[in-house]
Amino acid sequence: MSQTLHRQLKEKSDEEAFSRFLGFEVVEVTNGLARVRMRVGSQHANIFGGTHGGVVFSLIDEAFQLASNSHGTLAVALNVSITYVAAPSSDALLEAKVEEVHQTRRTASYYCDVREINGDKRLIATANALAYRTGKEIGW
């Protein structure tokens, strides 16, 4: 069931309008882990010409959504705390990696990072996230 669910989560993300709008690509979904990539473009710029922080946060949030739902139980975000470490280079290829740190019946904690992967794997942002596990089985 897990491989089927992981494939379905990837397909749902690929079909999601917001994900397509930002240019996300799901690289991996396994139990408690997800990796999502995007290429930074001029459409992602803030008023100063750098990459908008909301884009970086959204990349983390997409990977968090996939990782936290990868066990088949519907999970929703309770909290995400992000730290921006460096601004991405123009035209950077970014990858968010979200890994489960701890899980209980009702909550799960995740560590997230975003790195430029078309260079020296420079760290762009980190985040800690907490999901509420509803107890409802995911079913499409």
Side-chain angles (χ1 to χ4, degrees):
M1 149 121 174
S2 290
Q3 287 182 342
T4 300
L5 173 64
H6 299 158
R7 187 180 69 254
Q8 289 173 330
L9 286 167
K10 181 186 181 321
E11 289 169 359
K12 291 289 185 181
S13 179
D14 290 345
E15 296 168 2
E16 185 182 56
F18 188 68
S19 179
R20 286 195 333 263
F21 175 73
L22 289 174
F24 294 163
E25 174 197 358
V26 178
V27 176
E28 179 181 18
V29 179
T30 61
N31 283 343
L33 183 137
R35 293 185 306 125
V36 179
R37 290 181 183 167
M38 70 168 293
R39 173 75 62 186
V40 173
S42 61
Q43 71 274 25
H44 303 119
N46 62 24
I47 61 173
F48 302 104
T51 302
H52 198 290
V55 172
V56 175
F57 182 91
S58 294
L59 183 62
I60 286 173
D61 196 40
E62 189 68 20
F64 173 44
Q65 169 182 245
L66 296 169
S68 65
N69 283 283
S70 64
H71 299 289
T73 300
L74 180 63
V76 295
L78 286 175
N79 185 61
V80 180
S81 177
I82 188 168
T83 300
Y84 297 97
V85 176
S89 306
S90 60
D91 198 37
L93 181 59
L94 301 180
E95 181 176 280
K97 181 179 179 183
V98 174
E99 290 186 90
E100 191 171 82
V101 176
H102 181 74
Q103 182 191 111
T104 69
R105 190 173 60 81
R106 288 293 186 195
T107 63
S109 300
Y110 296 83
Y111 174 75
C112 322
D113 69 26
V114 174
R115 293 183 180 274
E116 280 190 11
I117 62 167
N118 56 328
D120 60 1
K121 305 228 186 272
R122 188 166 63 106
L123 184 64
I124 302 302
T126 63
N128 291 299
L130 179 66
Y132 173 71
R133 296 166 44 84
T134 66
K136 298 176 185 170
E137 188 175 316
I138 295 174
W140 286 294

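Note that the numbering runs from 1 along the sequence shown for the chain. Atoms considered below: every heavy atom in the structure, side chains included; atoms not considered: hydrogens, waters and symmetry mates.
- With contacts defined as side-chain heavy-atom distances shorter than 4.5 Å, the pair N128/Y111 qualifies.
- T126 contributes no side-chain N or O that, together with a main-chain N or O of D113, makes up a donor-acceptor pair within less than 3.5 Å.
- Hydrophobic cluster membership is shared by V26 and F18, with clusters built from Ile, Leu, Val, Met, Phe, Trp and Tyr side chains linked at under 4.5 angstrom.
- In this structure a side-chain-to-backbone donor-acceptor pair under 3.5 Å is present from Y84 to G53.
- M38 has its side chain within reach of V55: a pair of non-hydrogen atoms, C-beta onward, lies under 4.5 Å apart.
- Counting only distance, with no hydrogens or angles, the side chain of R37 and the backbone of L94 share no donor-acceptor pair below 3.5 Å.
- For the pair S70 and L9, the tightest heavy-atom approach, listed with the atom from each and the gap, is CA-CD1, 3.7 Å.
- Taking every heavy atom of both residues into account, S109 and L130 meet most closely at OG-CD1, 3.8 Å.
- Shortest non-hydrogen contact noted between P88 and V56 is CG-CG2, 4.4 Å.
- At least one donor-acceptor pair closer than 3.5 Å links the side chain of S58 to the backbone N or O of G54.
- Using a distance-only test at 3.5 Å, with no hydrogens or angles considered, a donor-acceptor pair links the side chain of R20 to the main chain of E15.
- Closest of all the heavy-atom pairs between A67 and Y110 is O-OH, 3.8 Å.
- In terms of hydrophobic clustering, with Ile, Leu, Val, Met, Phe, Trp and Tyr side chains grouped at heavy-atom distances under 4.5 Å, F57 and F21 are assigned to a common cluster.
- The residue from L66, I60, V27, L22 that alone fulfils the side-chain contact (heavy atoms from CB on, under 4.5 Å) condition with V36 is L66.
- Of the possible polar contacts, one joining the T134 side chain to the L74 backbone as a donor-acceptor pair under 3.5 Å is found.
- Residues V80 and A127 share a closest heavy-atom pair of CG1-CB, 4.3 Å.
- Residue A75 comes nearest to A131 through the heavy atom pair CB-CB, 4.2 Å, listed as atom of the first residue, atom of the second, then distance.
- Residues H71 and E100 are in side-chain contact: their nearest non-hydrogen atoms beyond the backbone lie under 4.5 Å apart.
- Rounded to the nearest 0.5 Å, atoms OG1 (T73) and CD (Q103) are 7.5 Å apart.
- Each of R35, K121, R122 was scored for a salt bridge (charged side-chain N to carboxylate O under 4.0 Å, His left out) with E95, with one residue passing: R35.
- Both V98 and I82 sit in one connected hydrophobic cluster of ILVMFWY residues. Membership requires side-chain heavy atoms under 4.5 Å apart, directly or through other members.
- With hydrogens and angles ignored, the 3.5 Å screen pairs a side-chain donor or acceptor of N69 with a backbone N or O of Q65.
- Rounding to the nearest 0.5 Å gives a distance of 4.0 Å between CD1 of I124 and CD of E116.
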Does K97 form a salt bridge (charged side-chain N to carboxylate O under 4.0 Å, His left out) with E99? I'd like the steps, not just the answer. CA-CA 7 Å; K97 181 179 179 183; E99 290 186 90; 3.7 Å; yes
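- The closest donor-acceptor contact from the side chain of R39 to the backbone of D91 lies under 3.5 Å.
- Judged by distance alone, the side chain of R7 and the main-chain N or O of V29 form no donor-acceptor pair under 3.5 Å.
- Side-chain atoms of T104 come within 3.5 Å of backbone N or O of T107 as a donor-acceptor pair.
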